[in-house]
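As a basis for the values below, the full set of heavy atoms in this structure was taken, side chains included, without hydrogen atoms, waters or symmetry mates. Quantities reported herein were computed from a predicted structural model and do not represent experimental measurements. Lettering follows sequence order; numbering is per chain, from 1.
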Amino acid sequence: MSIRVQGLTSQRVNQIAPSGIRRFFDLLASIEGIISLGIGEPDFATPWHIREAAIYSLEKGYTMYTSNLGMPELRQELSRYLKDNYELDYDPDSELLITVGVSEGLDLTMRAILNPGDEVIMPDPCYVSYSACVILAGGTPIMVPTNQESNFEISAADIEARVTNKTKAILIGYPANPTGAVMSKEKLAQIAEVAQRHQLLVISDEIYAKLVYGVEHTCFATLPEIKESTILLGGFSKAYAMTGWRIGYAAANKEVIASMNKIHQYTMLCASIMAQVAAIEALKSGESSSAEMVEEYNRRRLTIVQGLNDIGLSCFESRGAFYAFPSIKGTGMTSEEFAEKLLIEEKVAVVPGTAFGECGEGHVRCCYATSLADIEEALSRMGRFVKKHKKV
Amino acid sequence: MIKEILKILENDARTTAKQISTMTGTPSDEVAKIIKQAEKDRTILKYKTIINWEKVGDEQVWALIEVKVAPQRDVGFDSIAERIYRFPQARSVYLLSGTYDLLVLVAGKTMHEVADFVSQKLAPIEGVQGTVTHFMLKRYKEDGEILEGREEIRRQPVIL
Ligand SMILES: Cc1ncc(COP(=O)(O)O)c(C=O)c1O
């Protein structure tokens, strides 16, 4: 008799609710010729000079494992980069870890800091991996509701109200996926104060750091007295259009990095050497190609925010990442209904806000990392759709 | 602001003042005014398309002509350059540093036509000391656009 596999998977894994929008995904797969505003990655290919550096490295025989922490040259470049951009000092030999994307960075962080039952406070809605990584590491995610009225910023007071004796850390990510929200230095400083008052770690996912429009990005670790207790996660995926390379980094206190590296060395060994070589090139001379992409995103951002408001989907002016997060409440539909109907009737894909947490209800995520022509066509189809379904 | 507007137009000359207005957050009538002015003072020279003529089987012959010139007192290369660029066959004319002086891009229907232009019009100009003609064999990239085999971006339909 064969073994019944059902029920043999980990309870911890089973605890992660299957994505509520599975049906939406199935539907998506069945429809051809859609315009998608649902793709959370750049529509540019990696700048050629970065690709070329990687190709050259392969020709030169760079095909081996690297140090667990990552290639020394990459850590040095990164250290210089963090110094130049934020005046932050991170020791390349003990305070930086090259990861397989911010994705791995998030997982390592949670496994490195959490004991069973530890709580991690984070905004709702937020990037899908945040709560999953906490749960997989044996912790409990504690959600802080955010809303359009406050531009989807998380408030320090709301965080503090949820601190218990089990709270271990605050996890934030600004500029934010799915909302495009950016937080000011002053408001982040208030969060830093809460963290200090309660001796909490702060994990700051700054993968969209370079994608800000008309405002400055504040690196959390630059706030007063907070660097030692901040775990800064950064990446190359979005700023340099390198999603498929799978490369990112963590910068933190050396105890934390050592713990993360302990897991990393046994589970990942090291990030791919080809991606590391590409990352060196990105840091050395990727600035101008990245700036060009940011300029283009900004034009699209203004077009989509204006366009959504014009068709009656009220939308705050998001200042970061490449997402607009309009309200669809005027249609009387749930986010999921809206996304499904829009897909079927107009062949436009947006992501229901509920994919990112309960507080995403009433909103959909529209990613503008797609051509202006597609954005305008999508807006015109959505306009027709909203008109047809508007509740008077 | 004008630079931002010009960049948008250089990339797609069909972008309307209204679209540019949205993209830049500048009032539409102001955008229109800036564009008008740029057209008037010839900052914007003309609006054109980049066409792959081979697709419609309409091949033009292109040649790059290196021209060696004896510079003239007071006007340097300018007056000879002018005598060359006045010919409509000369599509682009540049003064260069290096082993020759002027680079002239010439287009014609046939190789003969181009060769005739060089030998009968260009070379005899007073002050032109010599020419070298390079016929163009293949166009790979034109004004930043790759003609064949442009890469396609293939993405998953939704990424969270
Ligand atoms: C907020 C946020 N963090 C992390 C990631 C994952 O990034 P990486 O490609 O570096 O793993 C994403 C990707 O969408 C994201 O939106």
Task: Residue pair A:Ile34 / B:Pro157, side-chain heavy-atom distance below 4.5 Å - done: yes

TODO: Against chain A, label B:Ile8 side chain, backbone, both or neither, depending on which of its atoms sit under 4.5 Å from a heavy atom there.
DONE: side chain

Task: Distance in Å, B:Gln19 CD paired with A:Gln306 CD, rounded so as to fall on 0.5 Å steps - done: 12.5 Å

Task: Side-chain heavy atoms of B:Met23 within contact of A:Leu372, under 4.5 Å - done: yes

TODO: Check whether A:Thr370 gets within reach of chain B through its side chain, its backbone, both or neither, counting any heavy atom under 4.5 Å.
DONE: both

Open item on the list: Using heavy-atom distances under 4.5 Å, tell me whether A:Phe356 contacts chain B through its side chain, its backbone, both, or neither.
Closed with: side chain

TODO: I would like to know whether B:Val158 and A:Phe25 meet side-chain contact (heavy atoms from CB on, under 4.5 Å); could you show each step before the answer?
DONE: CA-CA 8 Å; B:Val158 165; A:Phe25 277 108; 3.6 Å; yes

TODO: Below 4.5 Å from any heavy atom of chain B, which atoms of A:Asp43 appear? Answer side chain, backbone, both or neither.
DONE: both

- [ ] Considering only heavy atoms, give the residues of residues 311-322 of chain A separated from chain B by less than 4.5 Å, sorted numerically, with 'none' for an empty result.
- [x] none

Open item on the list: Would you compute the distance between atom OG1 of A:Thr303 and atom CD1 of B:Ile20 and round it to the nearest 0.5 angstrom?
Closed with: 10.5 Å

Task: Over 12 foreign heavy atoms within 6.0 Å of OH, B:Tyr140 - done: no

Task: Nearest heavy atoms of B:Leu160 and A:Arg365, plus distance in Å - done: C-NH1, 3.4 Å

Open item on the list: Are more than 12 heavy atoms, taken from residues, nucleotides or ligands other than B:Met136, located less than 6.0 Å from that residue's CE atom?
Closed with: yes

Task: Under 4.5 Å from any heavy atom of chain B - which part of A:Glu296 - done: neither

Open item on the list: Between A:Pro42 and chain B, with a heavy-atom cut-off of 4.5 Å, which part of the residue counts as in contact: side chain, backbone, both or neither?
Closed with: backbone

Task: Exceeds 12 heavy-atom contacts within 6.0 angstrom, atom CD of B:Gln60 - done: yes

Open item on the list: So, taking the atom named OG in A:Ser371 and the one named CD1 in B:Ile153, what distance separates them when rounded to the nearest 0.5 Å?
Closed with: 11.5 Å

- [ ] Would you check if there is a donor-acceptor pair between the side chains of A:Glu41 and B:Gln156 at a distance under 3.5 Å?
- [x] no

Open item on the list: Does any backbone or side-chain atom of A:Arg301 lie under 4.5 Å from a heavy atom of chain B? Answer side chain, backbone, both or neither.
Closed with: neither

Open item on the list: Using a strict threshold of under 4.0 Å (side-chain N to carboxylate O), is an ion pair present between A:Glu292 and B:Lys7?
Closed with: no

- [ ] To the nearest 0.5 Å, tell me how far B:Thr26 OG1 sits from A:Leu302 CG.
- [x] 9.5 Å

- [ ] Check the surroundings of atom CD in A:Glu358: do more than 12 heavy atoms from other residues, nucleotides or ligands lie under 6.0 Å from it?
- [x] no

